[in-house]
Undergrad: 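Just passing along the structure, written as structure tokens.
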Number of protein chains: 2
Amino acid sequence: MSRARGAGPADGGANDRPNRPTSRDVADRAGVSQATVSLVLRDRWHGRVSPGRAESVREAARALGYRPNLAARSLRLGQRRTALLVVPALTTEFFARVHSGAARMAAEHDIGVVLYPSPGGVGPAPDPFASASATVDGVIASSMAAEALTGLRDGGLPLVMLDSEPGLAPAVATVNPDIADGMRQVCAHLLRLGHRDVGHLAAAVDTWTFHARARVLAESLAGAGSARLVATEHSGLTVREATAAAERALRASPRPTALVCDDDVLAAGACKAARRMGLRVPQDLSVTGIDDLVLAAAVEPELTTVRLPAEEMGAAGLTALLSVLGGREAGNTLLPVELVCRGSTAAPPHVPGAASGR
Amino acid sequence: MSRARGAGPADGGANDRPNRPTSRDVADRAGVSQATVSLVLRDRWHGRVSPGRAESVREAARALGYRPNLAARSLRLGQRRTALLVVPALTTEFFARVHSGAARMAAEHDIGVVLYPSPGGVGPAPDPFASASATVDGVIASSMAAEALTGLRDGGLPLVMLDSEPGLAPAVATVNPDIADGMRQVCAHLLRLGHRDVGHLAAAVDTWTFHARARVLAESLAGAGSARLVATEHSGLTVREATAAAERALRASPRPTALVCDDDVLAAGACKAARRMGLRVPQDLSVTGIDDLVLAAAVEPELTTVRLPAEEMGAAGLTALLSVLGGREAGNTLLPVELVCRGSTAAPPHVPGAASGR
DNA sequence: ATGTCGAGGTACTACGTATAACCGCCGTGA
DNA sequence: TCACGGCGGTTATACGTAGTACCTCGACAT
């Protein structure tokens with residue numbers, strides 16, 4: 001074994017990689033074989049290696065700052081464990097939280113998560129599979145990033161969809177927040193306050209989730225006899241676009257006394273529009289959001305909103321992926337949501353008897 | 001070569017991994033050797049492989065959906081290229097944007113980025129180096145995640161610090177927004193509006209950046225003769241804490257007519273506090289933030305704030321890392337910032353002659 | 001005295017890719 | 001006709017880790 005490693009003093013060029021120590025280096029230092037090092041460090045040595053040697057191996061590993069090379073480890077059959085998380089734009093707080101949940105769960109199972117922010121931003125979109133999928137065992141993707149998934153099918157990778165219709169494809173697991181329940185809670189809340197004329201500020205995103213929201217909202221209102229949907233406006237996901245859309249909605253007649261928004265950012269825009277039109281929130285107009293972002297508690301008044309379990313969605317996505325990776329049936333997970341009542345909802349004008357929004 | 005692969009029909013157990021095709025499979029299909037496949041697909045075949053064969057190799061690769069296994073590739077000497085991005089909490093819009101920038105730049109250079117959200121959230125913090133550093137070539141870390149870096153030094157990995165004092169450690173590159181310039185612009189803006197008594201709502205984070213902000217703010221005000229810092233309150237990074245801290249600051253005497261906040265979230269909290277105390281923003285109190293988050297344009301009034309180039313910081317961090325990886329000196333990058341004047345600043349009360357905030 | 005057994009460890013090989021080294025074949029010039 | 005060079009590939013090997021098969025040696029039972 002004459003391999004000359006980084007130990008040599010005054011190595012010539014400046015670009016000499018500081019070659020990380022390998023298990024062989026640890027073995028040399030501890031006076032054992034490489035195999036023994038592997039056994040000890042993988043905790044498979046019980047009854048195979050004497051405790052004294054085991055300790056000296058660990059000692060040597062510590063002294064050298066040895067870390068096993070995951071690439072090499074993953075090379076061994078089927079050991080590679082990496083999930084690809086495809087989200088539309090990580091710059092969004094919501095998806096950042098989804099990632100956070102997935103990452104935490106992944107850490108517990110000692111698997112990696114690599115992110116692919118799908119196109120939509122500026123610049124050329126890198127091909128997620130050219131660079132990443134090689135080491136990827138499965139994909140967790142938001143339906144909002146669906147266009148990035150075109151090249152996926154032939155890959156044959158296990159797939160978990162977030163915010164996507166359950167049962168569309170047999171092999172695809174889904175993870176969804178129980179948005180139907182959320183919408184029903186919102187409607188119940190608004191009806192209890194006395195609202196009858198409700199508007200919907202919908203996200204102009206062609207996604208099952210958003211279609212589902214609209215459908216459930218319409219159904220819930222229709223089911224309540226007295227209430228009705230008097231306006232539906234579509235908007236992009238920025239405050240500016242939302243403000244414009246909300247102004248359109250508020251010019252409907254009869255004017256809605258409550259605006260259900262598909263997103264907290266939209267709700268913030270709606271509040272802005274209301275103020276601009278001389279309406280007070282919540283006295284003249286109630287507004288509800290979805291997500292419960294930081295923003296929801298920062299605006300004035302604070303938003304009544306449906307808290308979506310973003311972290312849990314990430315975690316559940318990873319769990320689902322592990323499940324199909326383990327050969328089990330692709331399941332559909334439904335996560336509970338929670339209505340957070342804050343200051344942006346109250347009884348409509350001219351209905352003084354109803355309960356307070358808070 | 002009798003290796004039985006996934007092609008067999010009706011393989012027994014359900015858990016049979018759908019073994020991704022390897023370069024050898026492509027070679028078999030194309031009727032060439034594995035080496036030839038590698039040559040063709042790595043574009044090193046000019047003059048070594050006939051165009052016809054090259055095409056049939058590509059054809060076979062396409063048919064099989066072949067993707068090279070990066071882990072195996074990286075096994076070959078020094079080929080691994082992965083950066084570890086250590087941030088305090090990805091759930092924060094700012095760091096999500098930093099990651100986005102880093103990821104985009106990384107994609108251009110065909111290197112990977114793996115995230116390590118440093119402890120601070122709930123649950124046990126996974127050891128970043130036990131799971132990740134093995135395959136990591138360098139680290140980009142926010143100074144807000146400094147506590148996660150304790151185990152790093154002995155690793156001997158190249159390090160790039162975001163938001164950290166330049167020149168502290170010789171081998172460490174730094175990337176900073178030019179916050180000094182930002183603070184000077186804020187001060188100039190406020191002074192031009194006629195403010196004299198300024199308060200500082202500081203982030204209670206023990207970080208060089210925040211110390212630097214306080215220092216530059218004090219200096220800028222002191223340099224302007226007539227102005228002075230009348231209150232400094234420290235706050236956590238949530239709206240709730242910021243509101244409480246801002247209320248304390250607004251009880252100082254003389255009461256500040258402008259509140260400079262270290263963060264947009266803090267600024268939102270300050271606005272909330274002002275409203276609660278019967279003060280109008282911006283007529284009675286001007287408020288400025290830092291970051292230019294989505295939130296800044298969502299609150300009412302919209303925040304005058306210093307836009308920090310989050311994406312650029314991520315990109316610059318990656319560039320810096322590549323630079324030291326390439327053997328060059330560790331440099332210090334300073335990124336320009338921009339004052340975004342919106343509705344939360346105006347002339348102070350009793351100074352009617354000054355220019356408008358917008 | 002010798003066979004047996006288990007503890008304690010080593011040799012070897014697979015994993016998938018990249019590349020250096022090599023090698024046959026065919027056209028060509030002497 | 002034959003040596004030769006280069007074209008068009010192949011063979012072999014390294015990379016770092018995990019794990020299996022094997023090997024050795026001492027203790028103990030027979």
Side-chain angles (χ1 to χ4, degrees), chain A residues 1-6 17 19-28 30-57 61 64 66-82 110 133-137, chain B residues 1-6 17 19-28 30-57 61 64 66-81 110 130 133-137:
Chain A
M1 214 58 47
S2 63
R3 205 155 48 105
R5 283 192 135 271
R17 282 289 187 96
N19 271 330
R20 212 194 307 293
T22 74
S23 61
R24 197 118 51 194
D25 297 326
V26 176
D28 290 351
V32 298
S33 75
Q34 176 267 328
T36 303
V37 172
S38 182
L39 287 175
V40 171
L41 266 38
R42 288 281 301 177
D43 229 21
R44 287 227 137 76
W45 59 280
H46 303 282
R48 322 256 313 132
V49 179
S50 60
R53 298 235 145 186
E55 185 47 45
S56 71
V57 165
L64 262 47
Y66 168 75
R67 306 288 174 178
N69 182 332
L70 277 198
R73 172 183 295 177
S74 74
L75 212 46
R76 286 203 51 78
L77 187 63
Q79 298 273 25
R80 54 197 147 77
R81 295 207 148 284
T82 306
D110 193 35
S133 100
T135 39
V136 156
D137 297 301
Chain B
M1 212 54 48
S2 64
R3 206 155 46 106
R5 283 192 135 276
R17 282 287 189 97
N19 272 329
R20 212 195 309 293
T22 73
S23 61
R24 198 119 49 196
D25 297 326
V26 177
D28 290 351
V32 298
S33 75
Q34 175 266 327
T36 304
V37 172
S38 182
L39 287 175
V40 170
L41 265 39
R42 289 281 299 176
D43 230 21
R44 288 227 136 77
W45 60 281
H46 303 282
R48 324 254 311 133
V49 178
S50 64
R53 296 239 148 182
E55 185 45 48
S56 72
V57 166
L64 261 47
Y66 168 75
R67 306 287 175 179
N69 181 332
L70 277 199
R73 172 183 295 175
S74 73
L75 212 47
R76 287 203 53 79
L77 189 63
Q79 299 272 25
R80 57 197 144 79
R81 294 207 147 283
D110 193 34
S133 103
T135 38
V136 156
D137 296 301

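Below, chains carry the letters A, B, ... as their sequence lines are ordered, and counting in each starts from 1.
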Undergrad: When we call it a touch if two heavy atoms are under 4.0 Å apart, what does Val32(A) touch: a base, just sugar-phosphate, or nothing?
TA: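 Val32(A): backbone/sugar contact only, no base atoms under 4.0 Å.
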
Undergrad: By nearest atom, which of the nucleotides dT17(D), dG9(C), dT10(D) is closest to the Tyr66(A) side chain?
TA: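 Selected nucleotide (nearest to the side chain): dT17(D).
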
Undergrad: Would you say dG16(C) has OP1 or OP2 under 4.0 Å from some side-chain N or O of Thr22(B)?
TA: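 No, no such contact exists.
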
Undergrad: To the nearest angstrom, how far is Asp25(A) atom CG from dG16(D) atom P?
TA: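 Answer to the nearest Å: 9 Å.
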
Undergrad: Output the distance between atom OG1 (Thr22(B)) and atom CG (Asp28(B)), rounded to the nearest 0.5 Å.
TA: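 With rounding to 0.5 Å, OG1 (Thr22(B)) is 7.5 Å from CG (Asp28(B)).
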
Undergrad: I need the minimum non-hydrogen distance between Trp45(A) and Pro51(A), along with the two atoms involved.
TA: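 Looks like CZ3-CA, 3.9 Å.
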
Undergrad: Within this structure, what is the CG-to-P distance between Leu39(B) and dT10(D), rounded to whole angstrom?
TA: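 Spelled out: CG on Leu39(B) to P on dT10(D) is 10 Å.
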
Undergrad: Heavy atoms under 4.0 Å is the rule here; annotate nucleotides 23-28 of chain C 5' to 3' with B where the base is hit, S where only the sugar-phosphate is, and - elsewhere.
TA: ------

Undergrad: So which atom in Ala30(B) and which in Ser56(B) form the shortest heavy-atom distance, rounded to 0.1 Å?
TA: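 Closest approach of Ala30(B) to Ser56(B): CB-O, 4.0 Å.
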
Undergrad: Does anything in residues 45-54 of chain B come within less than 4.0 Å of DNA chain C? Heavy atoms only, and list the residues if so.
TA: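 Within this stretch, Arg48(B) sit under 4.0 Å of the strand.
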
Undergrad: Write down the distance between CZ (Arg44(A)) and C1' (dA7(C)), rounded to a whole number of angstrom.
TA: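 One finds 19 Å between C1' of dA7(C) and CZ of Arg44(A), rounded.
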
Undergrad: Does Ser23(B) make a side-chain N or O approach to OP1 or OP2 of dT17(C) shorter than 4.0 Å?
TA: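 Affirmative; the distance criterion is met.
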
Undergrad: How sharply is the helix from dA1(C)-dT30(D) to dA30(C)-dT1(D) bent, taking the axes over five pairs at either end and rounding to 10 degrees?
TA: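 End axes: 70° apart.
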
Undergrad: Can you name the nearest heavy-atom pair linking Leu64(A) to Pro21(A), along with the distance?
TA: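 It is O-CG, 3.4 Å.
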
Undergrad: Please set out all donor-acceptor pairs under 3.5 angstrom arising from side-chain atoms of residues 31-40 of chain A, sequence neighbours excluded.
TA:
from     : atom 1 : to       : atom 2 : distance (Å)
Ser33(A) : OG     : Ala35(A) : N      : 3.4
Ser33(A) : OG     : Thr36(A) : N      : 3.4
Ser33(A) : OG     : Thr36(A) : OG1    : 3.2

Undergrad: Atom CZ of Arg24(B) and atom P of dA18(C): how far apart are they, to the nearest Å?
TA: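 Rounded to the whole Å, the gap is 12 Å.
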
Undergrad: Enumerate the salt bridge (Lys or Arg N to Asp or Glu O under 4.0 Å) contacts for residues 44-53 of chain B, please, sequence neighbours excluded, ordered by first and then second residue.
TA: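 Checked against salt bridge (Lys or Arg N to Asp or Glu O under 4.0 Å) - neighbours excluded - no pair reaches residues 44-53 of chain B.
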
Undergrad: What pairs of nitrogen or oxygen atoms, one from the protein and one from nucleotides 11-13 of chain C, lie under 3.5 Å apart?
TA:
none

Undergrad: Is the closest side-chain heavy-atom distance between Leu41(B) and Tyr66(B) below 4.5 Å?
TA: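 Answer yes - side chains close enough.
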
